[in-house]
Amino acid sequence: MSANSLIAARRRDALAAYLFLAPFGLIYITFLVYPLFKGLWISLHDWELAGSYREYIGFLNYEDLWTDTIFWKAVGNTLTFVAMTVPTMTALALVLALAVFGQGRLKGVLRSIFFMSSVFSVSVVTLVWSMVLSADNGLLVPFFHFIGMKPVNFLGHPTLAMPSIALTTLWWGVGLPMALFLAALSQIPGELYEAAELDHASRFTVLRRITLPSIRHTVLLVLVLQIVGQFQIFGQAHLMTQGGPANRTRTLVQYIYETSFRDWQVGYATAMSFGLFLLMLGFTMLQLWLGRKGDE
Amino acid sequence: MASARTSGLRRVTDLLILGATVAFAILWLLPVIWVVAMSLKPNAELMRSTAGFLPVPFTLDNYIGLLKLDTVPRWLMHSLIVSVTMTCLVLVVSSMAGYAFARLEFPFKKTLFLLMVAGLMVPEQAVFIPLHTMVSGWGLHNTHFALVMPRVAVPIGVFLMMQFFRSVPKELEEAAAIDHASRLTIFLKIMLPLSVPAVTTLGLFTFIFAWNDFLWPLVSATKADMYTVTVGLASIQSNFAFSEGLGAVMASAVFASLPIVLLFLIFQRFIVAGVAMSAGK
């Protein structure tokens, strides 16, 4: 092949590449990149949802955030929720993965059962669990009657509402991290276990010395994915408690949603959503940095 | 002798762990069984008591009433249209872009790739409000277009397809290149037929995501006759004075979940494989 035809072939390839990328690129720019920058612009305005009232106010929306007590309450609630769900979800996913890992039909069925609850939509999950936890006709009502207690109104209780939402989330979300752990477990070389068997290592020693160190990257991955995912909690709180009782379960995304679509303060809500974005980014970076440090 | 005893002990603990897991799995399923049972009981019975995991007395009235009502079937239809369209479009744009990143050389490849990966870091909450004002400006809320288009350019989809195409042996393509086949022909005739497993996995995940999508449809499809089934069900429960009764609410939840659960049961092999793939193995 001559040099000229090589160059021509390269050009053709480059042209083909841009054409292959074009559909994705155009949609990506229109529906992600552009709104991101437009959001920054909106957050510098006093901007109403309907109508055309728009006034440039600089960083006033961001300054207002510092003194908005409900905003900080929502940040606190979101962090509480993350603290409640992320460690328990990761631990439960790991325990379940260890329990259902391996051959056999029964284990396959068990895997499906624990994974299945994650394919339900948020409104189905909240419907099911609002019913389960209901003090009027909930699943636990007969049990409370049996022990001679008045049924507890979990979702209306100031301290029990958030743990109830966390429990619901656990049931909904454990499938994905469990599957990640299962994938990691299947990557551990069998020789490691054979050597341990020769040494008559106990089950606990094998777990601590072989299994856990081999999947520590997956543990980190699950933690990062969970933190980022749980930070975005919205549907459960919005549908199960509407943020109550007394703002105890009002989360950040819910407050953003309400500020924008109930109170129409689009500019202020957008400023908040960038706050959330930065917070999430910060946590992800921290987690990755800690993980890298742990490896050295 | 000692080792025989330990292995016997080991077998016993294995069985105990398995037994505990089975018990836990049954506990895990109880809420679902309970809801299904309620959906199959007459409302009069549910007014008296909601207890019990068996549908006695049994009735299909809740489901028949649902089909007559026309709202839930309409929501299901919207969900189906949105999910199928979104899945097809995601597959087309992701496989095309994934192929370019995996197999073609072009200027600014690294920069473009980084720009795409950066999109992974942007949560939907950071853009859903400006997106809403943008779609408002076009006057396109309460349309399928508005529900589908913002969800089509998914960086993780491109990433998955790129990973897959990279694993295809280069010789397969080179043979075709010698025959002067165009890049498009190579992509359509060689690469795509090979990528059925990856396409299936990505398609399933997109479909489940689309079906369960909540925040964006909640703010974009605000008219009750444009609700997707996920938003529709949410509207039923925030308004518990649903006139059709508890049995009907439970029946709509079961009805809405049926397509996705069936899909899961048929294709769960691919879903688990997909989780492993997205973990970057």
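A quick note: this is a predicted structure, and the numbers were derived from the prediction, not measured. A note on names: the letters A, B, ... follow the listed sequences, proteins ahead of strands, and every chain is numbered from 1.
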Under 4.5 Å from any heavy atom of chain B - which part of [X]:
X: Leu49(A); result: side chain
X: Met285(A); result: side chain
X: Leu40(A); result: neither
X: Val100(A); result: side chain
X: Met280(A); result: side chain

- [ ] Return the minimal non-hydrogen interatomic distance between Met149(B) and Ile27(A), and the atom names on each side.
- [x] O-CG2, 3.8 Å

Task: Distance-minimising heavy-atom pair for Phe214(B) and Leu239(A) - done: CZ-CD1, 3.9 Å

TODO: Name the option with the most non-hydrogen atom pairs under 4.5 Å to chain A; the candidates are Pro150(B), Ala253(B), Gly157(B), Ser182(B).
DONE: Pro150(B)

Task: Selection from Leu29(B), Leu218(B), Val35(B) maximising heavy-atom pairs under 4.5 Å formed with chain A - done: Leu218(B)

Most contacts with chain B, counted as non-hydrogen pairs under 4.5 angstrom, among [options]:
options: Leu110(A), Ile256(A), Ile42(A); result: Leu110(A)
options: Thr270(A), Ile113(A), Leu15(A); result: Ile113(A)
options: Pro23(A), Gly235(A), Ala22(A), Ser186(A); result: Pro23(A)
options: Lys38(A), Arg11(A), Gln232(A), His238(A); result: Gln232(A)
options: Phe234(A), Trp41(A), Phe114(A); result: Phe114(A)
options: Phe277(A), Phe261(A), Tyr34(A), Phe120(A); result: Phe261(A)

Task: Intermediate values then yes/no, ring pair (Phe, Tyr, Trp, His ring centres under 6.0 Å), Phe128(B) and Tyr257(A) - done: CA-CA 10 Å; Phe128(B) 85 110; Tyr257(A) 166 80; 7.3 Å; no

Any chance you could measure [X], atom [atom1], to [Y], atom [atom2], to the nearest 0.5 Å?
X: Leu233(B); Y: Leu127(A); atom1: CG; atom2: CG; value: 6.5 Å
X: Leu36(A); Y: Leu131(B); atom1: CG; atom2: CG; value: 11.0 Å
X: Phe53(B); Y: Leu139(A); atom1: CZ; atom2: CG; value: 4.5 Å
X: Leu21(A); Y: Phe108(B); atom1: CG; atom2: CZ; value: 13.5 Å
X: Phe209(B); Y: Ser121(A); atom1: CZ; atom2: OG; value: 13.0 Å
X: Lys109(B); Y: Tyr18(A); atom1: NZ; atom2: OH; value: 11.0 Å

Pick one of side chain, backbone, both or neither for [X], based on which atoms fall under 4.5 Å of a heavy atom in chain A.
X: Val92(B); answer: neither
X: Phe187(B); answer: side chain
X: Val122(B); answer: both
X: Met38(B); answer: side chain

Task: Flag, side chain of Thr50(B) to backbone of Asn137(A), donor-acceptor distance under 3.5 Å - done: yes

TODO: Would you check if the side chain of Ser123(A) reaches a backbone N or O of Thr230(B) as a donor-acceptor pair within less than 3.5 Å?
DONE: yes

Going by heavy atoms in the side chains, are [X] and [Y] under 4.5 Å from each other?
X: Val152(B); Y: Phe31(A); result: no
X: Phe20(A); Y: Leu184(B); result: yes
X: Ile129(B); Y: Met272(A); result: no

Task: Pairs satisfying side-chain hydrogen bond (donor to acceptor under 3.5 Å, both in side chains), at least one member in residues 207-219 of chain B, at least two apart - done: Arg151(B)-Asp213(B)

Task: Pairs where residues 105-120 of chain A contributes a residue and the test salt bridge (charged side-chain N to carboxylate O under 4.0 Å, His left out) is met, not counting sequence neighbours - done: none

Open item on the list: Does either side chain, that of Ser273(A) or that of Gln125(B), offer a donor lying less than 3.5 Å from an acceptor on the other one?
Closed with: no

Task: Electrostatic pair Arg103(B):Asp13(A) at N-O distance under 4.0 angstrom - done: no

Open item on the list: Over 60° means perpendicular and under 30° means parallel, so tell me whether Trp28(B) and Trp171(A) are parallel, tilted or perpendicular.
Closed with: tilted

